[in-house]
Amino acid sequence: MRDVYVIGVGLHPFGRFGDKDVIEIGREAVVAALEDSGVAWKDVESAYCGTVFAGPMAGNKVLARVGLTGLPIMNLENACASGGSALRLAFQDVASGFCDIALAFGFEKMPRGFIAGNPNDWFATMGMAVNPQYFALNARRHMADYGTTEDHLVRVSVKNHRNGALNPYAMYRKVMSYEEIANSTMVNDPLRLLMLCAPNEGGAAVVVASREAAKRYTTRLIRLASVVLKSPLYGTAEVPYIAVSSQVEAPSVTRTASEAAYEAAGIGPGDLDLVELQDTDSAAEIIYSEELGLCGRGEGARLLDDGATEIGGRLPVNPSGGLLSKGEPLGASALGQVAEVVWQLRGEAGARQVSDARVGLTHVYGALGNCAVSILQC
Amino acid sequence: MRDVYVIGVGLHPFGRFGDKDVIEIGREAVVAALEDSGVAWKDVESAYCGTVFAGPMAGNKVLARVGLTGLPIMNLENACASGGSALRLAFQDVASGFCDIALAFGFEKMPRGFIAGNPNDWFATMGMAVNPQYFALNARRHMADYGTTEDHLVRVSVKNHRNGALNPYAMYRKVMSYEEIANSTMVNDPLRLLMLCAPNEGGAAVVVASREAAKRYTTRLIRLASVVLKSPLYGTAEVPYIAVSSQVEAPSVTRTASEAAYEAAGIGPGDLDLVELQDTDSAAEIIYSEELGLCGRGEGARLLDDGATEIGGRLPVNPSGGLLSKGEPLGASALGQVAEVVWQLRGEAGARQVSDARVGLTHVYGALGNCAVSILQC
Amino acid sequence: MAAIITGNGPCFELALKMTVVAEKSRKPIREGLFAEDANGVSLIGGRCRECAEIVFPANPFCPRCCRETTEPVALSRRGVLYSFTVQRFKPPPPYRGPDPFVPYGVGLIELPEGLRITSVLKAEPDDLRVGMEMELVVEGFFEDEDGNEILGYKFRPVEER
Amino acid sequence: MAAIITGNGPCFELALKMTVVAEKSRKPIREGLFAEDANGVSLIGGRCRECAEIVFPANPFCPRCCRETTEPVALSRRGVLYSFTVQRFKPPPPYRGPDPFVPYGVGLIELPEGLRITSVLKAEPDDLRVGMEMELVVEGFFEDEDGNEILGYKFRPVEER
Ligand SMILES: [Zn+2]
Ligand SMILES: [Zn+2]
């Protein structure tokens with residue numbers, strides 16, 4: 001396997017854009033990544049598109065507006081891990097020597113409001129199968145087990161909105177006060193409206209290349225050290241679910257995917273300088289910090305108490321503002337995390353720059369337990 | 001890159017199955033392929049699912065009924081080439097050494113009737129953008145250019161239905177007489193109802209493995225010599241279209257994909273013993289025979305006249321009965337072709353066995369010009 | 001003889017001793033979810049013959065053994081509240097509940113068999129706490145188009161008696 | 001002054017000399033598809049400044065150069081029938097045509113500029129043959145909900161004059 005490098009990233013801002021065509025949103029992200037890389041479109045040899053709501057063959061439609069060059073184009077749909085899946089395949093094309101330059105891109109224009117799970121009509125009819133319920137059940141149990149408090153949940157959101165206010169691609173570019181968040185509408189106790197991420201619109205694209213190809217375009221080599229996609233083991237509780245075993249205790253998919261990513265990269269959690277993780281809600285940031293091995297089990301809230309996860313802290317988490325301030329356009333969110341890490345490693349993150357950032361991790365997790373983790377290094 | 005072998009194939013019959021759940025259709029195909037291979041499910045290391053109409057995360061839903069083992073699962077949607085795309089990725093996982101055993105599977109439960117293209121509302125509103133129109137326009141032009149006749153179109157369908165009558169997995173297992181076909185309802189002149197394939201339901205799965213892994217399960221090594229997916233070059237006419245350049249003459253995507261597949265396999269069209277190709281309609285079989293290099297340009301009908309494409313002929317085309325008798329469940333059709341070629345190479349094709357079959361090719365082509373070609377060899 | 005409020009699940013022979021009686025006015029929201037015997041009403045799960053894993057709703061497939069090895073079993077009527085929340089906004093369709101919307105609790109009930117079930121809760125939100133003992137109730141959730149009362153399950157705090 | 005039957009395409013400045021007049025009773029099925037000048041009605045395409053490639057409908061993007069380099073241009077009113085078929089069954093929605101359904105021709109018209117356009121044909125099916133000369137007609141396809149006549153384009157065989 002060859003080393004793989006990220007040589008270009010591009011985003012279409014995340015937010016709401018009226019009746020702007022989702023295909024155009026995707027095109028702008030791809031063009032931005034190509035421009036960032038300096039690669040001519042005709043030199044891209046394969047393309048992987050992640051999207052959930054953009055309809056059939058959406059990647060082909062986007063690329064038809066970039067140019068019909070005959071390259072293989074694959075359309076992936078893996079819920080919140082769609083963009084991460086696309087990256088995994090682009091990574092592998094280059095790592096395996098199948099090609100030298102590959103594109104991963106994703107975009108979305110999501111229906112408004114909370115996503116309604118619907119595993120089975122009767123269950124939803126009774127009033128279950130609503131995503132934030134599951135997030136809230138996880139949050140409440142974490143509070144009971146480890147002493148995480150509502151105060152912690154507020155402060156995760158304060159931090160991420162403060163970071164997001166510095167991110168020109170974020171949906172909410174506004175500092176939110178502790179009081180605004182603590183007094184926002186209760187949605188699913190203990191989770192309030194401003195502790196939950198919003199589904200929205202946006203696009204992201206990443207150009208990856210072999211070392212030899214990368215050197216033709218840049219001297220700042222950022223290595224995509226690993227990309228891992230995993231589905232869950234039996235015994236974990238994955239959204240949506242009706243019942244889950246408590247006889248079998250399997251490690252969560254975030255834990256198995258991140259362990260595999262650390263191993264493949266030869267990099268451990270102690271080596272990380274920043275993390276972009278799936279903060280679908282405030283409690284999720286705390287829980288996934290633990291499952292990613294950033295701290296011990298039950299110690300996620302302590303990271304926050306110690307200020308470790310602030311931009312100036314020991315291990316900044318979601319310096320981009322996370323999904324809480326960016327919103328979550330499913331197909332784009334993982335690649336948006338990768339763009340943030342790349343900017344941080346290049347020292348191009350402006351007011352939210354993490355000093356001396358050399359190693360970063362991205363993490364997405366979604367419906368039925370698909371989880372993608374990538375590790376980048378400069 | 002390592003050699004890759006097909007060690008198991010399985011189908012759920014193609015046809016119409018009332019309100020049978022599409023996820024169950026997919027499961028049965030996967031279980032059949034696993035049983036055929038002898039591989040225990042826990043030893044499969046990655047899985048690629050192709051489907052268009054089965055809804056979000058359909059591959060994960062199928063595999064949840066086989067077992068939650070944590071493997072990466074990717075859901076692909078690439079129109080008629082969805083199954084071929086899944087196979088390309090499974091192939092690459094093994095070829096690159098990422099894993100030793102991978103699964104490609106696809107399934108579908110398609111809406112009834114012709115698929116309505118809808119590139120743009122005004123165009124469809126005026127009465128264009130209906131798939132068989134494009135097939136008919138290709139057919140008529142081929143007739144004008146090369147002397148292909150309505151008689152040829154009837155005979156392609158007679159042949160494929162005769163073959164399909166011998167295939168227990170086909171939708172139409174009935175010999176159709178020349179008269180039945182020639183007198184069937186005219187749909188889009190010169191194409192009649194029995195010259196067009198039906199969208200339907202079905203599932204297919206293929207287990208691939210490295211040489212070392214394959215030898216643990218079988219002594220009949222069938223090599224997947226290459227799998228290629230291509231999108232079109234600018235200047236080709238891909239369904240659906242409003243207008244197409246006649247200034248730029250680009251080779252068709254079937255030609256570019258098959259040339260790449262021949263080159264990667266080190267196998268030429270002269271080496272083939274059988275071909276399963278995308279006979280969306282009778283004329284398509286003739287046209288694609290040319291674009292796959294089975295004969296010269298304009299000579300597709302002559303292959304038929306010479307009897308070459310019959311099961312007993314020089315180069316049997318669609319011995320399975322093709323899509324004309326099997327119908328086309330988008331996500332499953334490419335993998336269904338692979339299953340047929342594998343059975344033929346193993347000598348397990350029963351009454352439709354092609355004698356001394358050692359090399360076979362599969363070909364699918366679909367909306368927006370996605371085309372997948374694979375070559376198998378024993 | 002016991003009142004019957006459920007029939008067999010599809011493709012699954014329900015082995016409990018009970019008589020199936022069509023009763024027009026009260027119908028389970030899904031067949032096979034629960035049944036009543038001499039001891040009262042229970043949720044019906046599946047228990048694996050091989051590994052004792054429990055699934056709910058009842059289904060022949062054991063996800064641990066990955067084979068069709070489960071048999072129907074009446075689940076414990078009591079469990080412990082593993083976690084809970086309050087549904088404060090009206091869920092999107094197909095949710096059917098009172099109009100105007102009334103918030104309700106949702107929780108995870110850990111049964112002694114080794115299964116956590118997501119359930120609507122019948123309780124004042126302020127009374128809920130993790131670890132409390134809960135018990136099953138089956139009651140009407142809504143009326144369907146034909147005027148049938150559609151029955152679902154909830155758990156409520158166990159009251160001192 | 002010429003009668004105007006189309007406006008500008010979205011996000012595209014139509015450079016043809018013409019006046020935009022709102023006319024309630026006759027509307028093009030899509031803005032910018034065709035326009036009428038002193039010489040008659042024409043389909044409007046885009047021609048690339050760089051490579052002379054022609055696109056239809058007009059659109060700034062040249063798919064050959066992969067840049068926004070096209071300018072609007074009136075296309076030839078005549079072309080050659082490259083291929084044809086007859087639509088014998090009623091297309092699914094959003095098709096809007098006469099009820100009961102009347103079969104109609106569909107063809108590819110090769111224009112001298114180097115473009116083949118898919119078009120409804122105005123002809124007796126039996127009169128069609130590959131290679132015959134065709135000419136543009138713009139006419140009503142259906143009436144919309146407000147009673148407007150919705151105009152689209154067809155090609156018909158050129159008649160001897
Ligand atoms: Zn078991
Ligand atoms: Zn040009």
Side-chain angles (χ1 to χ4, degrees), chain B residues 111-148 184-193 196 232-250 281 283, chain D residues 28-31 33 43 45 48 51-57 62-66 75 81-97 101 103-120 125 128-131 141-142 144 150-154:
Chain B
R112 283 173 182 274
F114 292 108
I115 304 168
N118 192 356
N120 210 322
D121 281 341
W122 63 271
F123 194 64
T125 305
M126 279 165 64
M128 295 179 281
V130 182
N131 275 352
Q133 280 176 7
Y134 300 97
F135 309 155
L137 291 169
N138 285 344
R140 174 70 67 192
R141 182 70 197 186
H142 197 271
M143 292 164 78
D145 281 346
Y146 304 114
T148 303
S184 66
T185 309
M186 186 66 87
V187 173
N188 280 108
D189 312 34
L191 300 177
R192 296 174 183 273
L193 190 61
L196 287 158
L233 295 168
Y234 176 64
T236 61
E238 308 305 338
V239 173
Y241 61 96
I242 299 171
V244 62
S245 176
S246 56
Q247 294 190 67
V248 176
E249 283 272 1
D281 61 273
Chain D
I29 194 160
R30 178 182 185 276
E31 281 197 16
L33 273 188
L43 297 179
C48 179
C51 75
E53 189 71 0
I54 306 281
V55 298
F56 174 79
C62 171
R64 191 172 181 178
C65 297
C66 302
L75 300 177
L81 190 61
Y82 181 81
S83 189
F84 65 91
T85 183
V86 180
Q87 181 62 29
R88 300 278 177 185
F89 67 95
K90 186 175 178 173
Y95 173 69
R96 292 181 66 162
F101 174 71
Y104 55 89
V106 172
L108 285 169
I109 311 298
E110 178 148 4
L111 300 182
E113 290 91 336
L115 190 73
R116 290 178 203 130
I117 291 182
T118 310
S119 178
V120 170
L128 294 168
R129 58 179 199 284
V130 169
F141 270 61
F142 59 91
D144 72 8
I150 302 301
L151 301 176
Y153 59 88
K154 298 180 180 176

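The structure presented is a predicted model; accordingly, all values stated were derived computationally and were not measured. Below, each value reflects all heavy atoms present in this structure, side chains not excepted, and no hydrogens, waters or symmetry copies. Below, chains carry the letters A, B, ... as their sequence lines are ordered, and counting in each starts from 1.
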Taking every non-hydrogen pair under 4.5 Å, which of D:R129, D:R64, D:R116 racks up the most with chain B?
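Among D:R129, D:R64, D:R116, the one with the most close pairs to chain B is D:R116.
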Under a 4.5 Å heavy-atom cutoff, which of D:Y82, D:Y104, D:F142 has the most pairs with chain B?
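Sorted descending by pairs with chain B, the first entry is D:Y82.
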Heavy-atom contact with chain B under 4.5 Å, split by part of [X]:
X      : value
D:V106 : both
D:F141 : side chain
D:E110 : side chain

Applying side chain to side chain contact (heavy atoms under 4.5 Å, CB included), can you list everything that pairs with D:A52, at least two apart in sequence or on another chain?
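D:A52 satisfies side chain to side chain contact (heavy atoms under 4.5 Å, CB included) with no residue once adjacent residues are dropped.
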Could you tell me whether a side-chain N or O of B:N188 sits under 3.5 Å from a main-chain N or O of D:V86, the two making a donor and an acceptor?
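The answer is yes, because a donor-acceptor pair under 3.5 Å joins these two groups.
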Pick from B:M186, B:R140, B:M143: which one has the most heavy-atom pairs with chain D under 4.5 Å?
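When all of B:M186, B:R140, B:M143 are compared, B:R140 has the most.
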Test item: side-chain donor near acceptor, B:Q247 and B:S245, under 3.5 Å
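Judged by distance alone, the side chains do not pair up.
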Heavy-atom closest contact (B:A243 atom, D:I117 atom, distance):
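What the structure gives for the nearest pair is CB-CG1, 4.0 Å.
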What residues, two or more places apart in sequence or in another chain, satisfy ring-ring contact (aromatic ring centres under 6.0 Å, His included) together with D:Y153?
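D:Y153 satisfies ring-ring contact (aromatic ring centres under 6.0 Å, His included) with D:F56 only.
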